[in-house]
Amino acid sequence: MLEAYCLRTEYRENPLGLDTKKPRLGWKLRSDKANVMQIAYRLQFSSNPHFTDVAWDSGRTETSQSQHVRHDGLELKSAERVYWRVKVWCSHGEESSYSSPSYFETGLLEASDWKARWIEPEKEVDPDAYKPAPYIRKEFSVKKGLVSARAYLTAKGLYSFYLNGVEGTDDLFTPGFTSYLHRLQYQAYDVTSLLKEGANALGIVLGDGWWRGATGGANLKNNFGYKVAFLGQLLLEYEDGSREIIGSDETFKASRGPLLKSDMKAGEIYDARIGMEGWNEPGYDDSAWEPVHVTEDGLDSLIATRSVPVREKERFTPSVLRTPNGETVLDFGQNIAGYVDMKVRGEAGTEIVLIHGEALDKHGNFTLSNLSEHGTLEDFQEVHYILAGKGEERYRPRFSIFGFRYVLVKNYPGDVTPENFTAVAVYSDLEETGDFTCSNPLLNKLVSNSRWSQKSNFMEVPTDCPTRERAGWTGDAQVFSRTAADFMNVYPFFEKWMSDLAVEQFQDGSVGSTVPTVLGYHNLEEWERLSKTSANPMMAFRKPGTASMLDGSSGWGDAAVIVPWTMYLCYGDKTIIENQFDSAKAWVDYMADNARNPNPRFQDTPAYRNRADGERDADYIWDTRFHFGEWLETDTEMKDLAALLTKTGGCFPDVSTAYFAYSARLLSEMARVIGKAEEAEKYQTLHKKIKRVYNTYFIQEDGTILDGRQAPNVRTLAFDLAEEEKKQAVADRLAQMVIEQEYRLNTGFLSTPFILHALADSGYEEIAYRLLEQESCPSWLYAVRMGATTIWESWRGIKPDGELAGSLNHYSYGAACDFLFAGAAGIRPEWDRPGFKHFVLKPIVGGTLTHASATYESLYGTIKSSWEKTGQGVAYRFEVPANTTATIMLPGEPEDLKKGLEEFPDVRYEDGRIAFTAGSGSYQFTI
Ligand code: BGC
């Protein structure tokens with residue numbers, strides 16, 4: 001039995017509305033045999049699922065490639081559905097039947113396909129006030145013989161839509177978040193089943209969203225514009241082949257409705273007394289509704305939707321607490337990002353208030369104090385619902401999302417009972433790919449917490465936290481990107497976000513610390529208005545198109561290089577490298593320029609005097625501009641961060657130079673992958689120069705870099721920056737520091753993800769495990785023992801005395817989970833054969849663990865790795881999916897090679913491990 005299954009187009013199952021003319025296709029192989037490789041495929045395209053007319057046939061194509069397959073055999077037109085299927089031949093000479101058909105549909109490929117115009121439902125708006133959400137409607141008639149209907153919709157702001165009173169999609173927070181002035185997504189929906197012959201109605205509600213609602217830690221409003229707007233068209237196709245388009249225009253009408261406020265961060269006010277029953281159905285009397293304003297806004301920035309939609313996911317029922325101060329608080333048991341779906345009966349006009357927070361204070365009372373960093377506690381994460389008083393009412397926010405585990409309930413009529421409240425987790429619906437379990441339940445909880453922090457922060461863009469800032473901080477995203485790829489298929493998510501990073505990159509190559517930026521305005525008018533009147537310190541920072549002081553930080557800007565490289569490594573798709581190469585190069589060149597700029601503070605140091613090949617050594621040390629540094633090391637408290645930056649002036653040459661070297665090297669690799677030999681050479685040379693200087697001025701003979709600090713040693717090992725003769729000393733010194741600090745870490749955001757790998761890969765496996773399993777503060781498991789259900793921003797998020805600090809849902813430290821997948825279970829991608837087409841299985845047995853097991857759903861199928869200590873030794877089990885190979889590396893002695901491993905032709909003893917290549921299949925060894 002040989003089968004091709006799991007057909008995907010552009011990483012999605014049967015996507016609608018693509019705007020690429022050469023979509024990427026991928027499939028997996030299944031076989032009951034071992035050692036299976038695809039040797040050829042044959043693809044067919046058709047306009048129907050029965051393939052009665054084959055529009056294009058690839059013929060038998062000899063290759064093992066089964067992912068990222070592109071064909072230009074088809075000339076694609078707008079709004080066209082294409083079915084495709086594939087058959088494969090494998091190395092055993094078997095031929096599969098054709099797969100079940102899959103399809104994709106193109107969107108509107110040409111600007112001229114858009115007949116719709118941008119419409120604005122509001123006349124004058126007060127930029128400083130919350131605005132009621134506009135409701136828009138349009139009636140139209142459908143003729144007999146409708147065979148298909150599509151809706152292509154987008155908004156400035158957020159939109160939800162209805163056809164004949166029925167909600168048109170379960171996608172949320174559309175059109176998503178991108179750098180709107182450059183790239184604004186539209187979505188395509190199949191709405192055939194929602195329409196009927198005769199009169200029909202389209203209804204739209206617009207929310208403030210990222211367009212004009214509060215964004216970032218400084219709650220910038222009107223960031224992209226002042227008014228919300230809608231653009232959309234319905235495409236109707238009839239039996240006789242005729243087509244009809246209903247596009248937004250001056251015939252649409254608008255009104256305000258019950259949703260009086262719709263801010264993503266601050267929350268919503270919904271007055272259910274303002275009925276509007278039937279407003280989105282035909283026959284509604286809209287004579288009091290206003291005409292909309294048709295604008296001249298262009299369509300140049302429109303792009304089809306990328307990535308995957310945001311959806312409602314897990315649901316939680318609360319326990320109801322009566323806290324010591326007499327308040328009623330719901331505890332959902334899990335910190336999430338989402339909202340509460342509430343049921344209620346009561347008198348008209350009763351105003352229920354729900355306030356969402358992450359924690360109880362040390363007395364057990366509801367608090368938001370841990371999120372007060374930017375003084376956002378008033379008007380923050382609140383829902384106000386005013387009852388209509390007509391039997392059972394139900395409400396869930398439409399355009400707001402909150403980070404919370406607890407909800408303070410005020411003024412709820414009657415008893416607050418669990419069945420009337422459901423918390424709904426909401427995030428980008430990425431396929432879950434990884435799981436890890438072991439004999440230490442605290443580590444299993446750490447895995448769950450880390451995954452939950454990813455779920456809470458992967459909502460359209462990767463955010464720092466779902467509460468205080470909700471910003472696409474580039475540093476946080478780059479440190480977590482590798483672990484994110486263990487848990488979910490994040491390729492399409494990062495491909496989209498990286499394009500936004502590139503369009504917002506500054507002229508000099510500097511990269512924003514938040515993408516899309518919330519450290520300044522996109523809307524020039526608003527910047528000008530506020531710069532005249534406001535004392536907001538953000539004003540000093542950034543005019544649209546210019547970098548703020550906080551942009552361009554090393555470790556943050558390096559997302560431009562590290563994220564595309566990591567995605568390539570995990571998925572093997574060169575597209576992200578092709579797309580991002582210029583941006584990555586501009587960032588590295590920016591670092592090179594800034595490294596060459598002298599910093600007078602260091603001018604008397606040897607690096608400024610010493611020269612090699614006519615250049616100052618200091619030219620390869622990045623010691624200028626502002627940086628965040630290692631950020632939030634274990635001995636830095638949240639409250640001391642600002643003071644630390646003032647003291648250091650944000651100057652951390654060891655951190656900046658290390659990133660400079662690392663990114664130069666990755667850029668050189670990227671150039672190699674896409675055949676740019678000259679640039680590969682150029683940045684390899686640059687890397688070598690930085691590495692030499694870094695070794696000369698930063699690494700002492702005994703491996704010390706900064707006395708007592710683990711972070712620089714970790715970074716040096718992780719980035720492979722130490723010259724051969726210094727490597728062991730750097731590792732030894734790191735191990736020594738960990739022991740001196742009683743098996744505790746003192747790293748921060750940037751190097752925590754690597755510390756366990758750095759120790760284990762330099763021969764300190766047991767120290768890595770002791771650090772990982774440490775339960776006292778600071779450690780990963782301290783938070784778990786304190787009842788954490790997500791990863792905290794600070795190592796002391798909840799102190800032993802119950803004092804709180806910082807957000808409790810920042811994924812950065814959770815990046816350590818990659819050690820569980822790639823270290824403990826040993827599932828590792830390879831630089832030279834990326835995307836798990838070939839991979840390494842190199843489990844590390846250690847700590848208190850008696851067993852460990854991981855699964856990873858790669859693009860080729862399920863990889864499994866587990867081990868268990870038994871009376872006979874360690875029993876290892878592996879699964880290698882069809883069309884891949886793995887290098888298995890087991891701990892053991894040379895004589896273990898005889899234990900049934902002779903069947904592997906290349907079995908050998910290497911670096912203290914037994915190594916051999918295995919094809920697809922299931923394996924079990926006891927050593
Ligand atoms: C955010 C971080 C971010 C940082 C910059 C914080 O306020 O929450 O996660 O990376 O600022 O250092």
Side-chain angles (χ1 to χ4, degrees), residues 214-220 265 335 337 358 370-376 380 403 450 453-454 456-459 461-481 483-484 497 501 510-520 537-538 541-542 547-560 562-563 625-633 636-652 655-656 659 711 747-753 790-797 804-815:
T215 43
N219 287 322
L220 304 189
K265 287 184 80 181
N335 201 6
E358 292 185 301
N370 61 307
L371 301 170
S372 65
E373 205 70 8
H374 299 286
T376 46
F380 176 56
S450 188
S453 278
Q454 176 166 1
S456 321
N457 283 295
F458 273 50
M459 203 291 246
V461 300
T463 56
D464 57 334
C465 58
T467 48
R468 190 186 69 212
E469 301 186 38
R470 305 172 181 201
W473 282 97
T474 45
D476 307 42
Q478 71 84 359
V479 298
F480 193 72
S481 56
T483 309
W497 185 63
L501 181 144
S510 168
V511 171
S513 288
T514 57
V515 171
T517 190
V518 291
L519 289 173
M538 298 303 293
F541 288 170
R542 188 182 190 277
S548 86
M549 186 195 114
L550 300 180
D551 290 314
S553 166
S554 59
W556 272 251
D558 293 278
I562 294 171
V563 174
R625 303 195 76 104
F626 170 87
H627 306 276
F628 293 111
E630 173 65 17
W631 194 249
L632 264 182
E633 286 164 280
T636 320
E637 301 248 358
M638 288 292 297
K639 60 179 173 41
D640 302 330
L641 280 170
L644 175 82
L645 291 183
T646 316
K647 194 173 118 211
T648 55
C651 183
F652 305 94
V655 181
S656 307
Y659 271 94
T747 49
F749 264 42
L750 292 183
S751 51
T752 298
T790 38
I791 303 294
W792 299 341
E793 176 178 25
S794 154
W795 291 107
R796 291 180 177 72
L804 301 164
S807 131
L808 299 181
N809 205 351
H810 254 66
Y811 47 56
S812 308
Y813 297 136

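Order of listing sets the numbers, starting from 1, for every ligand and every atom in it.
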Under 4.0 Å from any heavy atom of [X], which atoms of ligand 1 are there?
{"X": "E793", "result": "8 (O)"}
{"X": "D464", "result": "1 (C), 8 (O), 9 (O)"}
{"X": "F749", "result": "9 (O)"}
{"X": "D476", "result": "2 (C), 3 (C), 9 (O), 10 (O)"}
{"X": "H810", "result": "1 (C), 2 (C), 8 (O), 9 (O)"}

Could you check whether any side-chain heavy atom of D476 comes within less than 4.5 Å of a side-chain heavy atom of W556, counting everything from C-beta outward?
yes
Do any N/O atoms on W473 end up under 3.5 angstrom from N/O atoms on ligand 1?
no
Distance-only side-chain donor-acceptor flag, E630 / S751, under 3.5 Å:
yes
Any luck finding a side-chain donor-acceptor pair between N370 and E358 under 3.5 Å?
yes
What residue among Y813, F749, Y811, W473 forms ring pair (Phe, Tyr, Trp, His ring centres under 6.0 Å) with F480?
Y811
Distance-only, no hydrogens or angles: does the T514 side chain make a donor-acceptor pair with backbone N or O of A471 under 3.5 Å?
no
